[in-house]
Amino acid sequence: MASAGAIEQDSRDPGTFQPGKRSRERAAVLCGVGAYIPPSVVTNADLTVRFDTSDEWIRTRTGIVKRHVVDRGTATSDLAERAGAAALKAAGVRTVDAVVLATTTPDHPCPGTAPMVAERLGMSGTPAYDVNAVCSGFVYGMATAAGLIAAGVADDLLLIGADSFTTLLNPHDRDTVTIFGDGAGAVVLRSGGPDEPGAVHAFDLGSDGALADLIMVPAGGSRRPPRAMAHGADDARSSAYDDAWFSMQGRAVYRHAVRRMTGSSRTALRRAGWTADDVDLFVGHQANVRILQAVAGELGIPDDRVCVNVDQVGNTAAASIPLALAHAVSSGQLREGDKVLLTAFGGGATWGSCALTWPKTDPPSEGPTSF
Ligand code: UT7
């Protein structure tokens with residue numbers, strides 16, 4: 001897909017194969033949305049009891065008011081199953097040809113979580129696999145889904161973005177515990193015509209592995225296997241303890257996120273043949289309301305066309321964009337035929353954008369009561 005250098009300009013000759021451009025004949029068409037967030041809520045006030053922080057700091061620096069978190073014993077597949085079932089119901093189908101799960105918090109390091117979710121949704125035997133692009137995972141999943149449909153591998157599929165990101169967090173780390181929450185969102189995509197409402201029009205994807213350490217769980221993978229960190233992993237004063245948890249260099253991530261989401265959005269808009277004025281709803285990764293405002297401002301998209309639900313759920317990683325879409329449907333912000341721009345930035349570093357029109361959708365049948 002697009003390299004970092006392709007962000008500002010697309011130098012490919014017209015007439016040659018252009019990655020990110022949809023096939024004229026067979027488009028992926030979105031036809032159902034579902035969402036699920038776990039019931040336990042952590043408010044900013046709750047966090048002031050545990051950390052040296054304030055409701056005012058969290059609201060003004062991030063826009064977050066509360067986040068939903070999984071209880072012990074609840075795993076990502078549990079959230080994914082509920083959101084997936086809701087999306088299937090909204091699309092009016094019981095089964096699909098493939099299940100793709102975007103997540104960074106699989107139930108187990110091995111195997112992938114998608115096959116378990118597919119089986120629990122009554123689709124044993126269906127191809128199912130995970131995609132890990134951290135907070136860009138849902139947009140990467142959209143591209144994967146569109147590719148499966150364009151290649152004729154699947155006529156319809158379920159794409160779920162789900163994360164129990166709080167299970168990665170050091171419970172003593174104020175900087176991350178205040179930001180992240182858990183949840184799942186899902187969409188059903190089917191093959192259809194490029195002019196139908198719901199059609200996916202264009203993508204831009206990119207990555208920069210030199211920035212890998214900005215967002216990372218240092219230990220527990222093949223570089224530092226779990227058995228190598230066992231010693232000291234329970235001692236909060238040891239570096240083994242710190243390295244077992246998620247870490248983020250927030251300020252640097254902020255800077256890269258604004259730059260990459262802006263550049264990637266411009267590329268996707270150009271590939272779709274749209275301008276920023278055409279965009280009815282801008283749905284960016286819900287990490288920080290200031291990042292959303294900064295990117296929308298750079299693009300020239302007014303605040304009333306920016307979807308915001310980070311206040312209600314915090315940063316839910318791969319679930320962030322589909323939860324925002326479900327929120328927009330429930331709150332009447334999305335209507336049939338609207339032009340929608342998705343964009344995200346996450347660990348890797350990865351980023352990506354997707355331009356699509358919106359289909360006729362009913363409000364998600366199972367979802368967070370706060371939506
Ligand atoms: O999902 C993947 C992508 N992730 C993102 O896009 C996240 C991007 N980053 C951000 O959203 C912001 O950088 C943060 C919300 C993480 C932090 O906000 P910031 O305005 O960049 O704050 P900062 O890290 O520059 O810290 C400013 C001050 C520091 O104190 P000093 O050193 O100035 O005395 C921090 O220790 O704020 C302090 N601080 C806090 N204070 C109260 C950091 N977190 C908190 C907190 N409560 N929760």
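None of these values were measured; they are calculated from a predicted model. Both counts, for ligands and for their atoms, begin at 1 and track the order of listing.
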Taking [X] for its side chain and [Y] for its backbone only, find out whether a donor-acceptor pair lies under 3.5 Å.
X      : Y      : value
Asp156 : Asp97  : yes
Thr48  : Ser54  : no
Thr103 : Ala162 : yes

Within-cutoff protein neighbour (heavy atom, under 4.0 Å) for [atom]:
atom                    : result
atom 44 (N) of ligand 1 : yes
atom 48 (N) of ligand 1 : yes
atom 3 (C) of ligand 1  : yes
atom 11 (O) of ligand 1 : yes
atom 36 (O) of ligand 1 : yes
atom 30 (O) of ligand 1 : no

Just go through [options] and tell me whose heavy atom is the nearest to [atom].
atom                    : options                       : value
atom 19 (P) of ligand 1 : Gln286, Arg290, Glu56, Met248 : Arg290
atom 17 (C) of ligand 1 : Trp351, Tyr254, Trp57         : Trp57
atom 38 (C) of ligand 1 : Arg61, Arg174, Gln249, Met261 : Arg174

[X] to ligand 1: N or O pair under 3.5 Å?
X      : answer
Gly346 : no
Arg251 : yes
Asn315 : yes

**OP:** Give the numbers and elements of all ligand 1 atoms closer than 4.0 Å to a heavy atom of Ile291.
**Re:** 6 (O), 8 (C)

